[in-house]
Structures are given as C-alpha cells and as structure tokens.
Amino acid sequence: MTTFDLIASGYRMARQMAHNMCADLTSEEFQHQPVPGANSAAWIVGHLALTAKRTAERLGATGMPEVSEEFIARFKATRQTAGAQANLGSKSELFALLDVAMEKLMEAIRRLPPEALVGPAPTPAPAVVTNSGEMVLFGVMHIMMHCGQLSTVRRSLGKPPLL
C-alpha cells in the first residue's frame, strides 16, 4: 500500500462513516437541526459533497457533476450560526453527489506524484495545516469532524451512537 492508497483509504472510511450515520434517518430526520443554530444532516452531507468536489477538481479530477451557484451558496462554510435549513435536497441526491465526488477525489489522490505532498499549503488553508501534504490529509479529518456533528443529530433524535 502506498502513501496515497492509505490517504485514499482514509477518505473511503470517512465517507462510509457519513453513510452509516445517516442510513436510518428518515427524510424528515435528515433535515432536522438538533438545536437552533446547528446544521442538519442534509446541510452537512451537501457541504461535504461540495468540499470533496472542489478538492477533487483542485487535484486535477475531471468529469465532476456540475452544481449551481445556488447549491454552492447553500452549502459553503460561512462561519456563522446556521439559520433555518429547509429544502436542501434529498438524502439520495446529496449522497449521490458525495459519492461521485469522493470517488473522483480518491482517484485523483492515487494519481498524485510523491512531490505533491511537499510544498507550502494552498491558500486559504485551515490554520493547523502547514504544507500541501497536510492539506490532503486534513480532508479526512474534516469529514470525521462533521461525522461528530451527525452523531449529535442522531442523538438529538433519540437514535443510538454508532462506531
């Protein structure tokens, strides 16, 4: 297993965790915000799909599904308290986009040359990222952070925790 296979495996496992966290949510539960100001599972999955799509494109992936400017605006990070979230899309639609984007992202990661992990971090980058290799790895951490939020959605609905 190469370094890139290992990183791609992290994305695969993180994607599966997001699927697992939402598998038993009804359409209504998928749209549920656990408390005012928190994100729904629908927003989280849409945001992860958009992030995976953008990352895959930055790494040279082609053939990505097109999304509208409205979709981008709906799911981009704002660093603001979430307002009411309604009509964000169905679970099947949002996961379909996430799955395609993640497959393209994992393919792009496996094709990277070793020197792709060396060099400065792209800008903008999270404050914890110090180089380009860490930026690729950070994506897995980003998905898992949002899986923690999906766990909060689940628990607020009375559903059991998952591992």
Side-chain angles (χ1 to χ4, degrees), residues 1-23 25 30 33-35 37-61 64-65 67 71-82 85 88-89 91 94-156 159-163:
M1 179 176 279
T2 69
T3 300
F4 294 107
D5 290 332
L6 189 60
I7 294 170
S9 293
Y11 279 93
R12 178 190 52 77
M13 290 184 287
R15 176 185 62 181
Q16 186 59 52
M17 183 63 77
H19 271 275
N20 293 352
M21 289 287 183
C22 296
L25 298 183
F30 190 64
Q33 290 177 265
V35 296
N39 290 311
S40 66
W43 187 89
I44 293 166
V45 173
H47 170 69
L48 291 175
L50 179 61
T51 302
K53 177 184 179 330
R54 287 178 162 174
T55 304
E57 289 169 342
R58 278 196 299 274
L59 294 178
M64 297 295 295
V67 297
F71 185 95
I72 293 168
R74 202 174 339 156
F75 293 109
K76 70 179 182 182
T78 63
R79 300 183 190 267
Q80 303 291 317
T81 300
Q85 296 176 338
L88 295 177
K91 185 164 66 166
L94 294 173
F95 269 109
L97 179 59
L98 176 65
D99 289 343
V100 169
M102 290 291 287
E103 284 299 323
K104 296 286 189 178
L105 175 56
M106 290 183 290
E107 289 170 13
I109 288 169
R110 287 186 181 104
R111 285 194 305 266
L112 289 173
E115 57 273 11
L117 297 180
V118 180
T123 52
V128 297
V129 172
T130 63
N131 61 56
S132 58
E134 288 179 1
M135 190 65 203
V136 174
L137 187 58
F138 181 81
V140 175
M141 296 170 58
H142 176 246
I143 296 166
M144 293 308 297
M145 184 236 3
H146 281 297
C147 283
Q149 294 174 345
L150 291 171
S151 183
T152 298
V153 170
R154 292 182 58 74
R155 299 308 297 270
S156 74
K159 296 195 179 281
L162 296 177
L163 179 62

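We count residues from 1, following the sequence as given. Computation of the quantities below employed the complete heavy-atom set of this structure, encompassing side-chain atoms and omitting hydrogens, waters and symmetry-equivalent molecules.
Heavy-atom minimum distance, A52 versus M102: CB-SD, 3.7 Å. Shortest non-hydrogen contact noted between N131 and G133 is OD1-N, 3.0 Å. Residues M17 and M144 come closest through the heavy atom pair CG-CE, 3.9 Å. Here the closest heavy-atom approach between residue A56 and residue A101 is recorded as CB-O, 4.1 Å. When all heavy atoms of A41 and V153 are compared, the closest pair comes out as N-CG2, 4.2 Å. Minimum interatomic distance between F75 and A42 (heavy atoms only, all atoms of both residues): CE2-O, 3.6 Å.
Checking each of V136, L105, L50 against T55 for a side-chain contact (heavy atoms from CB on, under 4.5 Å) leaves exactly one that passes, namely L105. The side-chain hydrogen bond (donor to acceptor under 3.5 Å, both in side chains) with N39 is formed by just one residue from the set Q85, H47, Q33; it is Q85. No option in C22, P161, P160 other than P160 meets the side-chain contact (heavy atoms from CB on, under 4.5 Å) test with R154.
R58 contributes atom CZ, which lies 11.0 Å from atom NZ of K53 (distance to the nearest 0.5 angstrom). The line from CZ of R110 to CG of L59 is 13.0 Å long, rounded to the nearest 0.5 Å. In this structure, CG on L112 lies 7.0 Å from CD1 on I109, to the nearest 0.5 angstrom. Put simply, CG on L150 and OG on S40 are 9.5 Å apart, with the number rounded to the nearest 0.5 Å. The NE2 atom of H19 sits 10.5 Å away from atom SG of C147, with the distance rounded to the nearest 0.5 Å. Atom CD1 in I44 sits 11.5 Å away from atom CG in L94 (nearest 0.5 Å).
V45 is not listed as a side-chain neighbour of K91, based on a closest heavy-atom distance of 4.5 Å or more. Contact annotation: the side chain of K159 approaches that of L25 to within less than 4.5 Å [non-hydrogen atoms, C-beta and beyond]. Taking 4.5 Å as the limit, every side-chain heavy atom of P126 sits out of range of all side-chain heavy atoms of H142. Using a 4.5 Å cut-off on side-chain heavy atoms (C-beta onward), M13 and V140 make no contact.
Counting non-hydrogen atoms of neighbouring residues, nucleotides and ligands closer than 6.0 angstrom, the CE atom of M64 exceeds 12 such neighbours.
A donor-acceptor distance shorter than 3.5 angstrom exists from the side chain of S132 to the backbone of V118, with no hydrogens or angles considered.
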request  = Could you give me the CA-CA distance, side-chain angles and deciding distance for F4 and L117, then say whether side chain to side chain contact (heavy atoms under 4.5 Å, CB included) is met?
outcome  = CA-CA 10 Å; F4 294 107; L117 297 180; 3.8 Å; yes
request  = Dump the intermediate steps for side chain to side chain contact (heavy atoms under 4.5 Å, CB included) on R15 and I143, then the final yes or no.
outcome  = CA-CA 7 Å; R15 176 185 62 181; I143 296 166; 5.9 Å; no
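No hydrogens or angles considered: a donor-acceptor pair under 3.5 Å links the side chains of Q149 and H146.
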